[in-house]
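Quick note: residue numbers are just sequence positions, from 1.
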Amino acid sequence: MELRHLRYFQAVAEELSFSRAARRLRIAQPALSRAVQEMERELDTQLIERERRSPRLTPAGAVLLHETGLILDRLEESLRRVRRTAKGEEGELRLGYIGPPTRTFLARLLKEYGKRFPRVTVILEERTPERVWEMVSKGRLSVGLTRPVLAHEVLGLQTLLLREEKFCAAVPKDHAWAKLPSLSWRKLAGAPLIILARREGAGSHDAIHAACEAAGVVPRVKHTPSLIGTIMQYVESGAGIGIVPESTASKNLVLIPLKPQQTIPLVMVWAKEGDDPAVVAFRDLVKEWLREGKLWEV
């Protein structure tokens with residue numbers, strides 16, 4: 001039995017007239033009659049009583065009309081979902097991100113994405129940079145907002161540079177350096193430093209060591225936590241000087257730009273294959289905001 005048979009039957013059952021149903025469907029009446037007869041033979045039951053002047057549904061025909069309505073409605077909804085998915089208006093977006101550097105724009109970005117694509121389910125996963133890259137490369141995340149990692153070329157992911165962030169020294173508000181407009185890397189000699197663990201942020205870790213080396217400083221690293229938030233906790237407790245990107249914010253700490261300027265990138269990453277429309281739509285929105293300056297507006 002084909003879908004056209006169900007549509008033909010539905011028209012006859014609703015019109016209770018083969019001639020009106022034929023006009024509605026824009027087909028010849030004999031073809032319509034044959035289609036209904038084929039259905040009855042296949043189901044081995046009569047669907048429409050034709051002995052009367054006006055055709056009438058049999059009990060089996062009434063059931064089939066009800067079920068046909070459900071089937072065709074479900075089909076139409078399925079086709080609408082397919083079309084919406086093809087346009088990126090429906091589906092799933094699994095977004096991996098690192099917290100502090102995305103805090104200024106991520107909520108605004110997702111709100112706009114939700115307005116444009118309300119049927120797309122967004123699943124957020126805050127991870128370390130290394131973990132974001134790993135999960136995107138394995139297909140467990142659709143796209144990531146993260147830092148470059150040592151193995152990024154080997155993983156073969158696509159990237160888009162979102163920002164170059166300056167490194168700063170994080171100190172308590174009552175620290176002797178708190179009112180300085182900038183701070184030399186050389187000034188860090190001998191100071192207890194708190195920096196991100198290399199296993200969680202090799203790019204950040206190595207860039208800090210490189211800047212210290214260029215300034216002739218052997219860094220005295222006291223703690224290497226896995227999260228930026230933990231660095232800030234250490235600094236607030238007076239355990240040392242935190243070295244963090246400028247996007248790191250804390251109401252209890254002061255961030256002092258380090259000179260000469262050393263930066264670390266924030267990038268969007270995604271797999272080369274599998275251009276799911278919902279993911280493409282998100283990437284396009286990020287590119288649009290980056291181009292128009294909305295990503296970093298305050």
Quick one: closest heavy-atom pair of K222 and P192, and the distance? CD-CB, 3.9 Å

Heavy-atom neighbours of R24 CZ exceed 12 at 6.0 Å: yes

Please check this pair: side chain of R4 against backbone of A35, looking for a donor-acceptor N/O pair closer than 3.5 Å. no

Evaluate the side-chain proximity of I243 to L188: yes if any heavy-atom separation is below 4.5 Å, no if none is. yes

Looking at every non-hydrogen atom in both residues, tell me the closest pair between A215 and W185 and how far apart they are. CB-CB, 3.7 Å

Would you say that P101 contacts R163 through its side chain, given a criterion of any heavy-atom pair below 4.5 Å between the two side chains? no

Determine, for R131 against E134, whether the closest basic-nitrogen to carboxylate-oxygen distance falls under 4.0 angstrom. yes

Which heavy-atom pair separates A281 from Y113 by the least distance, and what is that distance? C-CE1, 4.0 Å

Of K173, K179, H175, the one forming a side-chain contact (heavy atoms from CB on, under 4.5 Å) with V254 is K173

Determine whether the side chains of Q10 and T68 contain a donor N or O and an acceptor N or O closer than 3.5 Å. no

Verify salt bridge (Lys or Arg N to Asp or Glu O under 4.0 Å) between R116 and E112, making sure each step is shown before the conclusion. CA-CA 6 Å; R116 297 189 189 187; E112 177 63 24; 2.7 Å; yes

Verify whether one side chain among R199 and S226 offers a donor that lies under 3.5 Å from an acceptor in the other. yes

